[in-house]
Amino acid sequence: MKKYDLDNLINRKDTSSVKWDENVRIFGRGDVLPMWVADMDFQAPLEVSKAIMEKANHGVYGYTTISPSVHDAVKGWFQDRHGWSLNPEWFTYISGVVPALSATIQAFSDPEDKIILFSPVYYPFYDMIINNGRKLLTSPMNYKEGRYHMDLEHFESQLDGSVKMLLLCNPHNPGGTVWTYEELKQLSEICVKHGIVVVTDEIHADLVFKGHAYTPFASISEEIALQTVTCIAPTKTFNIAGLQASLMVTPNQAMREKLEVFMKKQGHFTLNIFGIVATEAAYRHGAEWLEEVMEYIEENMDLAVSFIQKEIPGVSAAKPEGTYLLWIDCTSLGLKDDELTRLLVHKGKLALDAGKKFGNEADGFIRMNVACTRATLLDGLERLKQALES
C-alpha cells in the first residue's frame, strides 16, 4: 500500500511560489498552466516536514552548525544508493548549485579564461560564466533518436590550452540523458590529459528511471577525482529547493582549501537552520518517498510521450533516461522559439520553457515538467495539443 497520495492536488497559489505566482511577470498573463520551472507539485517526505516542525517549535533560531550527523546522512545516502564512498572532509556547504557554479568559477579560473560546456544545457551555466567575466565556449552535442551524445572528438579539438574548466551536467538537463560509465570515462581521460578542472552539476543524480544508472563523474578514477568538484543537493530529489541547501564535494585538498578561502571572502559559513535539518531528514528517511514519486513520475512520462506521439502530429518526444523534465522536439513544425512561445501562452494557455534558453542548438524544442498530478499533466497535454494544432 502506498504511503503518499500523489494524485492530491496541493494548492500552491498565493504561497510566493515562483512556479505558480509569477505567471503574469514571466509570461504576461495569469491564466497559464505552469509546467516550466523544475520543482515538483508534490509535498516533501513526511519525515522532512516533521523535522522542520520540530525545529520550528523549539522557538530559538540562533546560529546553527552543521553537525557530523548531517555529514553521515549525506555519506550514507551516496554510499548505499550509488556506491560512491565520500569523505565528509571533502564537503563544502553552500545554498545552491548555481551559487556553487559561480564560486568554483571564481576560485579556479581567472577573468578572460575560457570555460567550456556541452550545449544545450541548463541555462544558468551560461549566465555564471558570462556574469563572472569568463569567456564562454560551447561544444555542441548530437541529438539522435531522443538522446544527446557528446562529440568528444570535437570537444578535445577545442582544448587549445586557453580552456581551463568544464561545466558538466550529469544527468543532463534539459535532455534527460543519463551519461553512461563509458561515456564519462572517455570524457574523464580527455580532461585528465589536458588538465581541465571539471565542475559537475549532479543535482538530478537520484532522478533516474529503471534500466539506467547514475555514475558520479568523480568516481571514474582517482585522477579525475582530484580535478573535479561535484555539486550535489537534496533539494531537487526531495522537492525542497526553497530551503536552499547544497554542497560541493572536492577530494583535492589544495582545491578545497582554495574554494574555502573564496567562501570565507564571501562571508559564507553555514546553511540556514531549516535547510540543515531537512538535509539530514531527507537523506536518512526519504528513500520510501522517492521510490513512490519516481514510479509516479515514470508513469507520467510514459503517458506524456504516448499522448504526444498519438495526438500531436509533427511533434516528437522520447522518454528521457532521468529527471522529470520532458524534452519535446517541435522542429518539424518550422517554428522558432518566439512563435512557439506565443502559441503556447496565448493559444494553449500553457507555460513551458523555450528550448533556446538552453542554447541556440535547441531552438524549436520545449521543456515540460511532468512532476505533477496526473490530472494536471492531462490538462497540460491537452493545452499543448490545442496550442500546436494547425
Side-chain angles (χ1 to χ4, degrees), residues 82-87 90 92 97 100-122 125-126 128-130 132-144 147-173 175 177-202 205 213-232 248-259 262 359 361:
H82 304 299
W84 190 23
S85 298
L86 300 177
N87 183 340
W90 302 343
T92 304
V97 166
L101 296 177
S102 180
T104 52
I105 287 169
Q106 294 182 64
F108 303 122
S109 69
D110 296 318
E112 299 302 306
D113 279 349
K114 291 181 183 176
I115 299 178
I116 194 168
L117 53 77
F118 292 102
S119 56
V121 75
Y122 181 47
F125 278 38
Y126 302 90
M128 292 304 99
I129 294 171
I130 294 168
N132 281 295
R134 274 58 171 174
K135 292 182 178 179
L136 170 66
L137 185 61
T138 63
S139 189
M141 292 188 290
N142 299 317
Y143 189 70
K144 299 177 183 177
R147 186 184 192 274
Y148 278 106
H149 300 265
M150 296 178 282
D151 186 342
L152 295 180
E153 183 176 348
H154 177 64
F155 169 75
E156 185 168 16
S157 74
Q158 295 175 281
L159 305 181
D160 59 2
S162 64
V163 180
K164 304 299 182 183
M165 180 182 292
L166 164 67
L167 300 188
L168 177 67
C169 198
N170 172 41
H172 181 255
N173 173 17
T177 300
V178 178
W179 306 116
T180 65
Y181 174 87
E182 188 56 38
E183 287 173 315
L184 294 176
K185 183 175 184 292
Q186 291 178 39
L187 175 61
S188 71
E189 290 169 352
I190 294 170
C191 292
V192 169
K193 176 181 175 181
H194 293 273
I196 303 297
V197 172
V198 182
V199 179
T200 177
D201 169 5
E202 304 198 353
Y214 153 70
T215 300
F217 185 66
S219 72
I220 297 291
S221 69
E222 184 177 350
E223 290 81 5
I224 196 60
L226 292 175
Q227 58 194 67
T228 297
V229 179
T230 306
C231 305
I232 58 176
M248 297 171 282
V249 180
T250 315
N252 184 314
Q253 183 176 347
M255 288 180 63
R256 187 170 65 252
E257 289 174 353
K258 192 171 184 178
L259 182 58
F262 171 80
E361 300 86 357

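The chain is numbered in sequence order, starting from 1. Here the structure is a predicted model, which means the values were calculated and not measured.
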### Task
Provide the closest heavy-atom pair for Ser139 versus Asp151 in the form atom of the first, atom of the second, distance.
OG-O, 4.4 Å

### Message
How long is the straight-line distance from CG of Leu226 back to OG of Ser221, given to the nearest 0.5 Å?
### Response
8.5 Å

### Query
Once you round to the nearest 0.5 Å, how far does OH of Tyr214 lie from NE2 of His82?
6.0 Å

### Query
Val229 versus Met255: any side-chain heavy-atom pair under 4.5 Å?
yes

### Query
Can you tell me how far the CG atom of Asn87 sits from the OG1 atom of Thr250, to the nearest 0.5 Å?
11.5 Å

### Task
Taking the side chain as every heavy atom from C-beta outward, state whether Phe118 and Leu166 have any atom pair closer than 4.5 Å.
yes

### Message
Checking Ser157 now: which residues fulfil side chain to side chain donor-acceptor pair (under 3.5 Å) with it, not counting sequence neighbours?
### Response
none

### Task
Locate the shortest heavy-atom distance separating Cys191 from Ile224; write the atom from each residue and the value.
CB-CD1, 3.9 Å

### Task
Check for a donor-acceptor pair, side chain of Asn170 on one end and backbone N or O of Thr215 on the other, with a separation under 3.5 Å.
yes

### Task
For Ile105, check side-chain contact (heavy atoms from CB on, under 4.5 Å) against everything at least two apart and list the hits.
Ser109, Ile115, Met128, Ile129, Asn132, Arg134, Met165, Leu167

### Side-chain donor/acceptor of Trp179 to backbone N/O of Cys169, under 3.5 Å
yes

### Query
Is the shortest heavy-atom distance from the side chain of Val121 to the side chain of Asn173 under 4.5 Å?
no

### Query
Looking only at heavy atoms, what is the nearest atom pair of Pro216 and Ser219, with distance?
O-OG, 2.6 Å

### Heavy-atom side-chain contact between Tyr143 and Pro120 under 4.5 Å
no

## Note on the structure
With Met248 as partner, the option from Val199, Thr92, Thr230 fulfilling side chain to side chain contact (heavy atoms under 4.5 Å, CB included) is Thr92

### Query
Going by atom types only, do Thr180 and Glu182 share a side-chain donor-acceptor pair under 3.5 Å?
no

### Query
Rounded to the nearest 0.5 Å, how far apart are CE of Met141 and NE2 of His172?
3.5 Å

#### Entry: His154 side chain near Pro140 side chain, heavy-atom distance below 4.5 Å
yes

### Task
Please identify each residue that fulfils side-chain contact (heavy atoms from CB on, under 4.5 Å) with Lys258, with sequence neighbours left out.
Phe108

### Message
I'd like to check the side-chain contact (heavy atoms from CB on, under 4.5 Å) partners of Glu257; sequence neighbours left out, ordered by chain and number.
### Response
Gln253

### Query
Hey, does Gln227 have a side-chain heavy atom less than 4.5 Å from the side chain of Val192?
yes

### Task
Working to the nearest 0.5 Å, report the span between OH of Tyr181 and OG of Ser188.
7.5 Å

#### Entry: Donor-acceptor pair, side chain of Gln158 and main chain of Val163, under 3.5 angstrom
no

#### Entry: For the student: nearest non-hydrogen atoms of Ala218 and Trp84, plus distance
CB-CZ2, 3.9 Å

### Query
Less than 4.5 Å apart, any side-chain heavy atom of Leu184 and any of Leu168?
yes

### Task
With side-chain contact (heavy atoms from CB on, under 4.5 Å) as the test, would you mind laying out the steps for Ser119 and Phe125 before giving the verdict?
CA-CA 10 Å; Ser119 56; Phe125 278 38; over 6 Å; no

### Task
Under the salt bridge (charged side-chain N to carboxylate O under 4.0 Å, His left out) rule, collect the residues that match up with Glu153, sequence neighbours excluded.
none

### Task
Show your working on side-chain contact (heavy atoms from CB on, under 4.5 Å) between Met150 and Gln186 and close with a plain yes or no.
CA-CA 10 Å; Met150 296 178 282; Gln186 291 178 39; over 6 Å; no

### Task
Can you measure from OG1 (Thr177) to NE2 (His149) and round to the nearest 0.5 angstrom?
7.0 Å

### Message
If the condition is side-chain contact (heavy atoms from CB on, under 4.5 Å), which residues does Glu156 pass it with, not counting sequence neighbours?
### Response
Ile190, Lys193, His194

### Message
Tell me the closest heavy-atom pair linking Trp90 and Ser85, and the distance in Å.
### Response
CZ3-O, 3.7 Å

